[in-house]
Q: 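Here it is, the structure in full.
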Amino acid sequence: MPELPEVETTRRGIEPHVVGRTVTAVTIRDRRLRWPISDDLEQRLQGARVLSTRRRAKYLLIDFQNGSLLVHLGMSGSLRLSSKNEEPRKHDHVDIVLESGLLLRYHDPRRFGSMHWLDDTSHVLLDHLGPEPLSADFSADYLYRTSRKRSSPVKHIIMDAKVVVGVGNIYANEALFIAGIRPDRAANNISKVRYELLVETIKQVLVTAIEVGGTTLRDFVGGDGKAGYFAQSLQVYGRAGELCKRCEGRELREIRQSNRSTVFCPNCQR
DNA sequence: ATGACAACCTGTGGGC
DNA sequence: TGCCCACAGGTTGTCA
């Protein structure tokens, strides 16, 4: 489910309600996430006070004095604020209760997400990640250089977390459409000028999506429980067979790349 | 090193 | 209404 904008939306939603708060109780109903939740997580969290929240790639970090909680939402996860007397629903796997009476509730039907305790801020999952897409490190210069030795499709490159983090299937489709680049074009067959446009487009799409609270497809909600509105702005994702909004002449075509759905306009994207 | 692909798991929607 | 299959926002690990 969540790509970078959804994770950032979650972080911004919970931050004002968790920073400075102390954990008074932890309930774990199902430890079987992508990796089993370690046996000592409750003990680590108990009594700890939240210092700050951060995001790295699609990971959410909640920092305490004694370490950090590393959360990934996988495909179907959400982390939201809830009140103590709200009954847990199916797939509500973890509750982190704060002394304010609010609690952080982790919900994840498919259990592709994860939760790790970090004694310091390093973790193998965070090693070898590429630059943040919204940072200056992710530049046209960088992407152009990186792409020179890659003959795989450009969509594959921008979704490769070693190249740049946080660009998932929805926003990869959207950015390539806006930049007018065919998703199946070989990465090393795209000019510097077009990469300049692509990098700016990726940044713009992500920033815009964050501003409107992410993309709610089925039931994504941010930390504050509100749906995101970027779905209204989607140009190609989920619109295969419909008319292109730019040229209004051609139907959007769908292909599969690495078993992921790709939608593009054969007329506008070259 | 790169790339193709299976695996992890549940829910949903379409076709029959 | 029900059954079966394909597919869904992600990432890792394996094998060629």
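Side-chain atoms are counted along with the backbone in the values below, which use heavy atoms only and exclude waters and symmetry mates. Chain letters run A, B, ... following the sequence lines, proteins first, then strands; residues in each count from 1.
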Q: Touch check for A:Tyr59, heavy atoms < 4.0 angstrom, all strands: base, sugar-phosphate only, or nothing?
A: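 It contacts sugar-phosphate atoms only.
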Q: When you compare the ring of A:Phe112 with the six-membered ring of B:dC9's base, are the centres less than 5.5 Å apart and the planes under 30° from each other?
A: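 Aromatic stack with B:dC9 absent for A:Phe112.
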Q: Could A:Lys58 and A:Glu6 be called an ion pair, given the rule that one side-chain N must be under 4.0 Å from one carboxylate O?
A: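 Salt bridge: no.
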Q: Could you state the CZ-P distance from A:Arg110 to C:dA6, rounded to the nearest angstrom?
A: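 The distance from CZ of A:Arg110 to P of C:dA6 comes to 15 Å, rounded to the nearest Å.
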Q: Taking atom P of C:dG9 as reference, at what distance in whole Å does atom CE of A:Met159 sit?
A: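 These atoms are roughly 8 Å apart.
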Q: Using a 4.0 Å heavy-atom cut-off across all strands, classify A:Ser114 as base, sugar-phosphate, or nothing.
A: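 Answer is nothing: A:Ser114 stays at 4.0 Å or more from every strand.
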Q: May I ask you to check whether A:His107 and A:His93 place their ring centres under 6.0 Å from each other?
A: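 For A:His93 and A:His107, the ring centres are not under 6.0 Å apart.
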Q: Grab the CG-P distance between A:Leu33 and B:dA7 for me, whole Å please.
A: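 One finds 21 Å between P of B:dA7 and CG of A:Leu33, rounded.
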Q: Once you round it to whole Å, what is the distance between C1' of C:dA8 and CD of A:Glu254?
A: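 Distance, rounded to whole Å: 12 Å.
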Q: Give one of base, sugar-phosphate or nothing for A:Ser151, where a contact means two heavy atoms less than 4.0 Å apart.
A: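 It contacts sugar-phosphate atoms only.
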Q: From the list B:dG11, C:dA8, C:dG10, which nucleotide is the closest neighbour of the side chain of A:Ser261?
A: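 Nucleotide nearest to A:Ser261's side chain: C:dA8.
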Q: Heavy atoms only, 4.0 Å cut-off, all strands: where does A:Tyr171 land among base, sugar-phosphate and nothing?
A: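 Result for A:Tyr171 = nothing.
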Q: Less than 4.0 angstrom between a side-chain N/O of A:Ser76 and OP1 or OP2 of B:dT10, yes or no?
A: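 The answer is no; no side-chain N or O of A:Ser76 sits under 4.0 Å from OP1 or OP2.
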Q: Heavy-atom nearest nucleotide on DNA chain B for A:His156 versus A:Asn259: which residue maps closer to 5'?
A: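 Comparing both residues, the 5'-ward one is A:His156.
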Q: Over how many whole Å does the gap from A:Asp108 atom CG to C:dG10 atom C1' extend?
A: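 Answer to the nearest Å: 11 Å.
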Q: Is any NZ, NE, NH1 or NH2 atom of the basic residue among A:Arg239 and A:Glu254 found under 4.0 Å from an Asp or Glu carboxylate oxygen of the other?
A: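 A:Glu254 and A:Arg239: not salt-bridged.
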Q: Give a yes or no on whether a donor-acceptor pair under 3.5 Å exists between the nucleobase atoms of B:dC9, that is its base, and the side chain of A:Arg111.
A: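 Donor-acceptor pair under 3.5 Å: no.
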Q: Looking only at atom P, what distance separates B:dC5 and C:dC7, rounded to whole Å?
A: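 Pairwise P distance, B:dC5 against C:dC7, rounds to 15 Å.
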Q: Would you say the side chains of A:Asn188 and A:Ser147 form a donor-acceptor pair under 3.5 Å?
A: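 Distance-only check fails for A:Asn188 and A:Ser147.
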Q: Does A:His72 place a side-chain N or O at less than 4.0 Å from the phosphate oxygens OP1/OP2 of C:dG10?
A: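 A:His72 to C:dG10 OP1/OP2: no side-chain N or O under 4.0 Å.
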Q: Given the rule in the salt bridge (Lys or Arg N to Asp or Glu O under 4.0 Å) test, do A:Asp160 and A:Arg150 qualify, once you have shown the distances and angles that lead to the verdict?
A: CA-CA 12 Å; A:Asp160 182 344; A:Arg150 310 280 297 258; 3.1 Å; yes
Q: Work out how far the P atom of B:dA6 is from that of C:dA6, and round it to whole angstrom.
A: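 It comes out at 13 Å once rounded to the nearest Å.
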Q: Count the heavy atoms belonging to other residues, nucleotides or ligands that lie under 6.0 Å from NZ of A:Lys84, then report whether that count exceeds 12.
A: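 Open.
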Q: List DNA chain B stems (3 or more consecutive Watson-Crick/G-U pairs, under 3.5 Å)?
A: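 Paired runs of 3+ in DNA chain B: B:2-8 with C:10-16, B:10-16 with C:2-8.
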Q: Looking only at the side chain of A:His91 (C-beta and beyond, no hydrogens), which of the listed nucleotides C:dT11, B:dG3, B:dG11 gets closest?
A: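 Closest nucleotide among those given: B:dG11.
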Q: Find the distance A:Tyr237:OH to C:dG9:P and express it as a whole number of Å.
A: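 Value for this atom pair: 3 Å.
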Q: How do A:Lys90 and A:Arg150 order along DNA chain B: which one's closest nucleotide is nearer the 5' end?
A: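 Here A:Arg150 is the residue nearer the 5' end.
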Q: Take the protein atom CD1 of A:Ile170 and the nucleotide atom P of C:dG10, then report the distance between them rounded to whole Å.
A: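 Distance, rounded to whole Å: 7 Å.
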Q: Shortest non-hydrogen contact from A:Ala140 to A:Glu196?
A: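 Answer, listing the atom of A:Ala140 first, then A:Glu196: CB-CG, 3.3 Å.
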Q: Walk me through it: do A:Tyr171 and A:Tyr237 pass the test ring-ring contact (aromatic ring centres under 6.0 Å, His included)?
A: CA-CA 8 Å; A:Tyr171 300 110; A:Tyr237 184 85; 8.8 Å; no
Q: Compare the minimum distances between each of B:dT10, C:dT12, C:dC7 and the side chain of A:Arg256, then state the nucleotide with the smallest one.
A: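 Output: C:dC7.
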Q: Taking only side-chain N and O atoms of A:Lys58, does any of them lie within less than 4.0 angstrom of OP1 or OP2 on C:dT11?
A: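 So the side-chain polar atoms of A:Lys58 do come within 4.0 Å of the phosphate oxygens OP1 or OP2 of C:dT11, strictly under.
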Q: Figure out the CG/C1' separation between A:Asp30 and B:dC9, and round it to whole Å.
A: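 Interatomic distance, CG of A:Asp30 to C1' of B:dC9: 11 Å.
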Q: Side chain of A:Arg34 only, please: which of C:dA8, B:dG11, B:dC8 is the nearest?
A: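 Of the options given, the side chain of A:Arg34 lies nearest B:dC8.
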Q: Hey, does the side chain of A:Arg260 come within less than 4.0 Å of C:dG10's phosphate (OP1/OP2), counting only N and O?
A: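 Yes, because at least one side-chain N or O of A:Arg260 sits under 4.0 Å from OP1 or OP2 of C:dG10.
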Q: Between C:dG9, B:dT2, B:dG11, which nucleotide has the shortest distance from any of its atoms to the side chain of A:Pro109?
A: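 Looking only at heavy atoms from C-beta outward on A:Pro109, the closest nucleotide is B:dG11.
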Q: Between A:Arg56 and A:Glu132, is the closest basic N to carboxylate O distance under 4.0 Å?
A: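 A salt bridge is present here (some side-chain N lies under 4.0 Å from a carboxylate O).
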